[in-house]
**Q** 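First the structure, then my questions, so here it is.
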Amino acid sequence: MLDIKFIRENSDKVREAIKQKRDHADLDKLLKLDEERRALVQKADNLKAERNRVSDQIATLKKSGQDASEDILKMRDVSEQIKQLDEGLRSAESGIHEIQMQIPNIPHESVPIGTSERDNVLVREWGKKPTFDFEPRAHWDLGPELEVVDFERASRLSGSNFVSFSGAGATLVRSLINFMIDLHVRKHGYKEVWVPIILRREMMEGTGQLPKLEEDMYRIEKDDLFMIPTAEVPITNLHRDEIFDVEKLPIKYTGYTPCFRREAGSYGADTRGLMRIHQFDKVEMVKFVRAETSYDELELLVQNAEEILQIFNLPYRVMTLATGDLSFAAAKCYDIEVYAPGIDRWLEVSSCSNFEDFQARRMNIRYRPDKSAKPQFVHTLNGSGLALPRLLIALIETYQTAEGTIIIPEPLRPYVGLDVIK
RNA sequence: GGAGAGGUGGCCGAGUCGGCUGAAGGCACAGGUUUGCUAAACCUGCGUAGGGGCAACUCUACCGAGGGUUCGAAUCCCUCCCUCUCCGCCA
C-alpha cells in the first residue's frame, strides 16, 4: 500500500506506475474521494469540537444543580448532524481504502521499462550448459521410469498437475529441503521458522496477494481461510503491528512450507511434468530491514539463492524483471532461472523481491531509527531459496546418464544416502 | 464443542455510580541538575493518526475490531476477533 499523502502529492508518478504494471486502479476516483473526505473531516471535527465544549458545560451545570435541558436539546441536533457526516466519512474512507489497496507498488528507478517478460534484462549468467554424448531426456520420462516421480497416481488422488514422489525421489525432496535450510541457517545467518500454511484473509492482504489474486488461491470457504501460495505470506506477517528496535535489524528468516496454487488460466503453456504443479515445496527467505539498506539486502538475498545452484553446479541466469512483469507489491525483482537440458528450457526457481515499505504499511511493521525517533516502516524482502520442483527438474535432467540413471551431486549425498538413483 | 476470566500507551499496570482520564502510578527512553568516576537521587520531556495556522499553537479521533444507547462512553448494550483457565473430544 502506498501512503495516501504520497499518492496525493505524486499522482503523476502513481498513474505512471499503474500503467507500467498494466494495472487499472481508479486513481481519479481515489483522489476525488480523498478531497471529499477532507472536506467532511473538517465539518465533522468542528461540530465535534462544539459538542465536546457544550457537553463539558452540561456537566458543570448539572453538578451545580442547574438546568441544562436547553443545551441537551441543542446537542441532540448537533449529534445527529455529526452522525450523518460520519456516515459519509465512513463511506468515503472505505472507498479510499478499497482503491488504495488496489494500487500497485511503484517500480524502483533501476527497473527496466517494458510491457512483458520479453523486456526482462539479463543481469548475469553463471556456469556452462552441460554437454551429453547422448540425447538428454526430459524429467517426465526419466522420473516415472525410475519410479521416483509419479504423475498418474497423484492425478488419481487430486486431479491433474499434482505429483507424488516415491523411493529415492521422495528422499531427494526431503534432502533438498534440509540441505537448503541448513545452508541458509549455518552459512547465511538466517533463523529457521516453521509457520502455519492456512491463513486468514487479512494476511493475504498484508503481503499483497489479495485483492488481486483470489482466483489463484485455494480457499477453505467454511472458515474463510486460505492455503498459502508461498511462505512469504505467513513469515512476513509474523511481525504484524510490531515496532522493532533498530539493533534487531536486519531480521532474516528462512523456512520450508508446501505451497498451493490453483494456476487458474495457466493451462496450456508450461504445465507438463513438474513445471507447474498445484502443490509444491519451497524454502523461502524473508528479511525485515532498515529502509536505507534494502537494495543492498536485495543483492545479498539473490546471492544466497544463487549459491545453491552454484553448489550443485547447475547453470543459471539472473534476470531483472521489467515493469510489466513485476508483481503487484514489488518495487524490484530478480528472477533466477536454472537451465534444464532435457527440455532445453530456462526455469524460474526463485524470485527475489524488494517491496520497500509497501507490505510493511499494510501490515504496520515499523522500527525506530533512533531511541527517540518516530517509528517508521521497515522494508521487507523475500526470495525463494529455492522452489523444489524446477530445481528437481534441473537436477534430474543435468545429472542423468546414458543408462537412464541419475547421479546424486556430491554435496547432497550425506543427506540422501545414495550416490545414484537407478 | 461446553463453562469461565480477560484484552488499556514501547512494556507493566490503575481506572469508583458514564462527565477536566489521552488516560494515574511504575519501568524503559531522551535532555538537564547534582557528583572526583560509576552508581544513585532530583527536574523536565516522552503515543499514533488526521485537520487548521508562517509559527508559538490549536482542534479531532484512537483504551482488541465494528456497531448501538446518551448532550457526553475506556467505562453501559450487541456482534466479531484474540489470549488464558477448566471440562469434553482427539492425532
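Letters A, B, ... mirror the listed sequences (proteins, then strands); counts begin at 1.
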**Q** Between E214(A) and R219(A), is the closest basic N to carboxylate O distance under 4.0 Å?
**A**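 Here R219(A) pairs with E214(A) in a salt bridge, since their nearest N and O are under 4.0 Å apart.
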**Q** Compare every heavy atom of V349(A) with every heavy atom of R390(A), then report the nearest pair and how far apart it is.
**A**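 Closest heavy-atom pair between R390(A) and V349(A): CB-CG1, 3.6 Å.
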**Q** Between P on C82(B) and CD on E202(A), what's the gap in Å once rounded to a whole number?
**A**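 Spelled out: CD on E202(A) to P on C82(B) is 10 Å.
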**Q** Which nucleotide wins on minimum distance to the side chain of R200(A), given the candidates A61(B), C81(B), G50(B)?
**A**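 Minimum distance to the R200(A) side chain belongs to C81(B).
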**Q** Under 3.5 Å for both donor-acceptor distances, Watson-Crick or wobble: does A74(B) have a partner, and if so which one?
**A**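 When the pairing criteria are applied, nothing turns out to pair with A74(B), so the answer is none.
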**Q** Closer than 4.0 angstrom, basic N to acidic O: yes or no for K48(A) and D86(A)?
**A**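 Judged by the 4.0 Å cut-off on N to carboxylate O distance, K48(A) and D86(A) do form a salt bridge.
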**Q** State the pairing partner of U21(B); accept Watson-Crick or G-U wobble contacts with both distances under 3.5 Å, and report none otherwise.
**A**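 By the stated definition (distances under 3.5 Å), nothing pairs with U21(B).
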**Q** How close or far is atom C1' of G50(B) from atom CG of N46(A), stated in whole angstroms?
**A**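 Distance check: N46(A) CG to G50(B) C1' gives 13 Å.
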**Q** What is the pairing partner of C27(B), taking Watson-Crick or G-U wobble pairs with both distances under 3.5 Å in any strand?
**A**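 Pairing partner, where one exists within any strand: G10(B).
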**Q** Between C71(B), U60(B), G67(B), spot the one nearest the side chain of D45(A), thanks.
**A**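 My answer, after comparing the listed nucleotides, is U60(B).
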**Q** Any idea which of C71(B), C81(B), G51(B) is nearest the K62(A) side chain?
**A**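 Among the listed nucleotides, the one closest to the side chain of K62(A) is C71(B).
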**Q** If you only use heavy atoms from C-beta on, which nucleotide in G51(B), A61(B), C71(B) is closest to the side chain of S79(A)?
**A**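 Of the options given, the side chain of S79(A) lies nearest C71(B).
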**Q** How many whole angstroms separate atom CD of E80(A) from atom P of G72(B)?
**A**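 Between P of G72(B) and CD of E80(A): 10 Å.
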**Q** We want to know whether Y295(A) and E356(A) form a side-chain donor-acceptor pair, criterion being a heavy-atom distance below 3.5 angstrom.
**A**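 E356(A) and Y295(A) do have a side-chain donor-acceptor pair below 3.5 Å.
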**Q** Considering only U60(B), G68(B), G51(B), which nucleotide approaches the side chain of N52(A) most closely?
**A**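 That would be U60(B).
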**Q** My understanding is that a pair needs two contacts under 3.5 Å, Watson-Crick or G-U wobble. By that rule, which nucleotide pairs with A49(B)?
**A**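 Looking at the geometry, A49(B) pairs with U60(B).
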**Q** If only atom types and distance count, is the side chain of R290(A) paired as donor or acceptor with the main-chain N or O of P369(A) below 3.5 Å?
**A**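 No; zero donor-acceptor contacts below 3.5 Å.
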**Q** With both distances under 3.5 angstrom, what nucleotide forms a Watson-Crick or G-U wobble pair with U33(B)?
**A**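 Check on U33(B): paired to A41(B), both distances under 3.5 Å.
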**Q** With respect to the side chain of R368(A), which nucleotide from G19(B), G10(B), G52(B) is positioned closest?
**A**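 The answer is G10(B).
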**Q** Nearest to the Q42(A) side chain among G52(B), C71(B), U60(B), which nucleotide is it?
**A**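 Within the option list, the nearest is G52(B).
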**Q** Rounded to the nearest 0.5 Å, what's the gap from CG on D119(A) to CE on M319(A)? Could you check?
**A**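 The CG atom of D119(A) sits 10.0 Å away from the CE atom of M319(A).
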**Q** Assign each of I243(A) and I72(A) to its nearest nucleotide of RNA chain B by heavy atoms, then name whichever residue's nucleotide is nearer the 5' end.
**A**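 It is I243(A) whose nearest nucleotide is closer to the 5' end.
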**Q** Round to a whole Å and report the spacing from CD of E35(A) to P of G51(B).
**A**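 Those two atoms, CD and P, are 13 Å apart.
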**Q** Under a 3.5 Å cut-off for both distances, is U79(B) Watson-Crick or wobble paired, and to whom?
**A**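 U79(B) is paired with A65(B).
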**Q** My understanding is that a pair needs two contacts under 3.5 Å, Watson-Crick or G-U wobble. By that rule, which nucleotide pairs with U85(B)?
**A**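 Looking at the geometry, U85(B) pairs with A3(B).
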**Q** Among C59(B), G10(B), G50(B), which is the nearest nucleotide to the side chain of V41(A)?
**A**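 The closest nucleotide is G50(B).
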**Q** What's the closest nucleotide to the R37(A) side chain, out of C82(B), G50(B), G72(B)?
**A**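 From the listed options, G50(B) comes nearest.
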